[in-house]
Each structure stands twice: as C-alpha cells, then as structure tokens.
Amino acid sequence: MSFGRALNQNLRKLVAFLPRPARFAIYRSFVECNAQPDRRLVLKIAETQEELQACFRLLHDAYVSSGFMKPDPSGMRVTIYHALPTTTTLCAKYDGEVVGTLSLIRESLFGFPLQAIFDLSQVRALKGQIAEVSALAVHPKFRKTGGTILFPLMKFMYNYCTTFFDTRHLVIAVNPNRIEMYESLLFFQRLSEKSVDNYDFANGAPAVGAALDLKTAPALFKQVYASKTPRRNMHHYFVEAVMPNIVLPTRRYFTTNDPVMTPALLDYFFNQHTQVFAKLDDHKKQLLHAIYNLSAFQPVLPTLRKRVAQASERSHQRYSVQCPGVFKVMESARECTYQLLVVDLSLHGFQVYSQVPLPLGCWGEASIQLGKSEKSFSQAKAVLERANGSPGFYGFQLAEPDLAWRKFVSAMQAGTTHEDLDNASRFLPDSA
C-alpha cells in the first residue's frame, strides 16, 4: 500500500475537507498489496530472546518518537500483557533483522489494555473470542515504502487470528489521525463516536477505539474489492492468497495459544531489564501467580505478601482448544450422532459448541480429535446446557479420561511453551 509515496502531508489536509465516503474512496484508490513480497521478508512468531528484544526495542523507539511514552532505561517497551501466555507477538524480519512487530492480546485474568477506556459490551454481545491488536511498530527505514512491511504484517495477523488464534473480533485503540485508515481499508467500526482525550496506556495520547468482526469481514472485503485489479484486491490478499513468507506455527494439538515465555525469558524481560513485575500491585501479582502456577515459575514471579483464593481459579484448570468431535448416544433404542466443536477442556470434562440441541444426562461415546494424529475416545455425558450462559454451548463430564486425553492435559499443566506439547509424553506421571 503506497500511502507514504502517494499521500503527502498537504494532500492529506485537502482530503480531510472532503465528505467521509469521498475520503474513503480516495484512501482505497491508493491500495497496493503484493501477495508475493521479497523473499528476504519472513513473518513469524517472535519466540527467542533476540527476536523479542528486537521487537520491544523497535516498539520503544517508535513510541518515544511519537510521544506515546518516555524513554525507558532498558531501551524497550515491555508491558505486563507481553508476559501472558495468551499474548502472541508477531514479527517481520528482513534479511534477518526485525523490521516490524505487533502483539495480539487474548482475554485473560488481566482483561485488555483498552477496556479501561472503551466499552466492549457491543462486541461481546456478538459472541466469539476477542483479541486486541497492540504494540504495532515498523522500522523507520520502511515507513516511507508504502505497505511493504505493514500490509504483510497485517495479513499475517489476519491469517493467524482466523486459523490459529480462535479469534472472531479484533479491537484496537489508535491515534485519531490513523483511525480512518482502519475504517476505510479494513472496515473497523468505532467503539464510540468520540475519541478519548487521555489514553494512559500510550502516555496520555488521544485515542479512538474500533472493532472488526472477522466473521463478516470477508463479505465486506469482497463487496468492495472483488472487482479491482489483483494488486488492489484486498479480498484476495487477505482471504484467498497464500503468502509463502508467512511461517505459521506447527502444533501437535489443536490449541489456540502459542506461549513462548519460559521462566528465563520472564526473568530477563520483566525483572532483570525492566521493573514491570516489581511495579505490579498486589492484586495483579496474585493474578500472575494464578496464571503461572507451576513451581518452575515461582522464583521469577513477584513475591506475594498474602495469597487469597480467587473465585476464578478452578480445581481443574481448563485449556482453550478448537477440537472437532463426535458424540454418539442411544436415544429411543437407536444410536444418534452429533457433531461437536470442543472449545475448552480439563482433565475430567470439556465444553462444546453444537449447532443442534444435545441430550442432557445421557452417557455416550465421545471421540475428540485433539490434534492431527491425536484422538481420544471416552464415555461422556452432557450435564449443562448454555455453558457460560451462552446458547449452543454444553458442558460435558468424562467418565474416565483415556491415555491420549491425560497425555494432552498433563502437557498443558506442566509445559511452559507451545513446543512442550510436541513432547507431551514426558509430562505423564510414571503411573500412567
């Protein structure tokens, strides 16, 4: 997308006086997207200390130069959200150098950065998982080259969210002079009519909140862009094109998060080089301990003066997944088969989404595809309709989890990163 070359500052001022539809049409006329960018560009999850540090340094310099934060002695912008297993940091590398980054923040005990300012009730009413797009930065040497880094990074974000991250809604908080790019090109809808005059997460800078429904976005893209030439067809670019530069994660199981923070990485970024953990209040420290409740993490977590049981803590932790399954049960002397989508599970139960009503209180056989080569077979029964208060969702109880199920849950309980799931057997108890 050639904004930097085509829309200079004076032209933008002139465009600002035009009616909104005319402005949007002009913005779209400058779109230029290339689904086959330079091979030296690689898009991947930031997972090593070097990649994460490069992302945080790039973000720091971009925020400082824009006035969104004061310089930090570490030379990095690191927030508590970067420490969470539900946050994924994406990076763009050109010739091995990190030149672009953004973070996707899934909801956790910490919520979202923007929810302190913006009302998400309308987004939540549409159901589906939400992710906040945050910490976006592009290296200065690529900021005037159009969208050579920004758009591939956005496509990576779109592909990752729709394929791996179990996300329906994207929410953002951006500077008012950038919001129309997201509205006109990507069809984000404002969360409120008025911009916020003071957004603490960006050093008091003004901000506008907006959301994009990824379920309805493809139809909007097609309606506006389908008739355009390939280099201007954003529907083809985001929805249909396969970009060889994107390295999507390989997963043994159908999980929805890709945590990379080991105890050593948490200590390096949040204790040794910044004061992020030390500056947390007691409540947030306790939430962090609830999230990282394994003994390996205790030495690097901030000290708790007093631990108080949280209502949100479960006796059996649940894990977010997207596992297709089948439930077979006898009804009126005949076998009935129901297609399921398991959305979270624990050692002794799971929650599913079903497009049709399921029988309650009846034992049957549940076969769940935990991964491409991992399948579980167990006796189960639906015990709760409208799980979490949502229609179509059911809570299931397992009679006795089989080996495949126990292997997966043990790895989720004892592993620290997504790579641990590739060696799930080593987390099984000796008696298994």
Side-chain angles (χ1 to χ4, degrees), residues 85-86 106-109 127-130 163-168 251-259 290-291 293-294 311-331 335-415 418 420-421 424-425 427-429 432:
T86 46
R106 275 272 297 275
E107 191 159 25
S108 68
L109 296 176
K127 308 302 180 184
Q129 298 280 7
I130 304 170
T163 307
F164 284 86
F165 209 42
D166 185 26
T167 301
R168 175 175 174 178
R251 292 175 175 168
R252 177 175 178 174
Y253 294 100
F254 296 142
T255 51
T256 59
N257 296 317
D258 293 288
I291 292 170
N293 58 358
L294 302 176
S312 58
E313 294 183 30
R314 302 174 183 263
S315 57
H316 294 290
Q317 184 63 45
R318 290 188 175 275
Y319 304 99
S320 177
V321 295
Q322 279 191 307
C323 299
V326 174
F327 180 56
K328 295 182 178 181
V329 62
M330 296 300 296
E331 295 183 71
E335 185 179 74
C336 296
T337 301
Y338 299 93
Q339 301 296 320
L340 313 172
L341 177 64
V342 178
V343 295
D344 69 42
L345 56 82
S346 68
L347 182 59
H348 295 293
F350 55 94
Q351 185 181 153
V352 309
Y353 174 74
S354 174
Q355 294 183 338
V356 299
L358 301 179
L360 294 176
C362 301
W363 287 100
E365 183 183 83
S367 55
I368 310 298
Q369 194 75 41
L370 299 174
K372 291 182 179 179
S373 304
E374 308 283 342
K375 199 166 189 177
S376 169
F377 298 90
S378 299
Q379 291 294 305
K381 67 177 177 180
V383 295
L384 178 65
E385 187 177 4
R386 295 178 65 90
N388 292 334
S390 300
F393 288 85
Y394 293 79
F396 271 76
Q397 174 187 338
L398 285 175
E400 183 66 34
D402 67 355
L403 178 60
W405 192 276
R406 286 184 286 118
K407 185 194 300 183
F408 171 71
V409 173
S410 295
M412 292 294 289
Q413 289 175 336
H418 67 95
D420 286 333
L421 293 181
S425 296
F427 296 106
L428 276 170

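There is no side-chain donor-acceptor pair under 3.5 Å between Thr86 and Asn257.
Side-chain atoms of Met330 and Trp363, non-hydrogen and from C-beta on, never get closer than 4.5 Å to each other. Phe408 is listed as a side-chain neighbour of Thr255, based on a closest heavy-atom distance under 4.5 Å. Using a 4.5 Å cut-off on side-chain heavy atoms (C-beta onward), Phe327 and Val352 make no contact. For the pair Gln369/Glu374, no side-chain contact is recorded, criterion being any heavy-atom separation below 4.5 Å from C-beta on. Side chains of Phe164 and Arg251 form a contact here, defined as non-hydrogen atoms less than 4.5 Å apart. No side-chain heavy atom of Gln339 sits less than 4.5 Å from a side-chain heavy atom of Pro324. You'll find the side chain of Gln351 stays beyond 4.5 Å of the side chain of Leu345, heavy atoms only. Side-chain contact between Asp166 and Ser320: present, with at least one pair of heavy atoms (C-beta onward) separated by less than 4.5 Å.
Within 6.0 Å of atom CD in Gln355, 12 or fewer heavy atoms from other residues, nucleotides or ligands are found, so the atom counts as exposed in its surroundings.
Interatomic distance, Leu398 CG to His348 NE2, rounded to the nearest 0.5 Å: 8.5 Å. Here the NZ atom belonging to Lys407 is positioned 10.0 Å from the CG atom belonging to Asp402, to the nearest 0.5 angstrom. In this structure, Thr256 OG1 and Gln129 CD are separated by 7.0 Å, a value rounded to the nearest 0.5 Å. Within the model, atoms OG of Ser346 and CD of Gln397 stand 10.0 Å from one another, a figure rounded to the nearest 0.5 Å. Interatomic distance, Thr167 OG1 to Glu107 CD, rounded to the nearest 0.5 Å: 11.5 Å. Here the CD1 atom belonging to Ile368 is positioned 9.5 Å from the CG atom belonging to Leu341, to the nearest 0.5 angstrom.
For the ring pair (Phe, Tyr, Trp, His ring centres under 6.0 Å) test, no residue two or more places apart in sequence or in another chain qualifies with Phe377. Not counting sequence neighbours, the partners of Glu331 by the side chain to side chain donor-acceptor pair (under 3.5 Å) test are Tyr338.
Not one N or O on the side chain of Tyr394 forms a donor-acceptor pair closer than 3.5 Å with the backbone of Ser354.
Here the closest non-hydrogen pair linking Lys381 and Cys362 is CB-O, 3.3 Å. Closest heavy-atom contact between Ala404 and Leu370: O-CD1, 3.7 Å. Across Ala366 and Phe350, no two heavy atoms sit closer than the pair CB-CZ, 4.1 Å.
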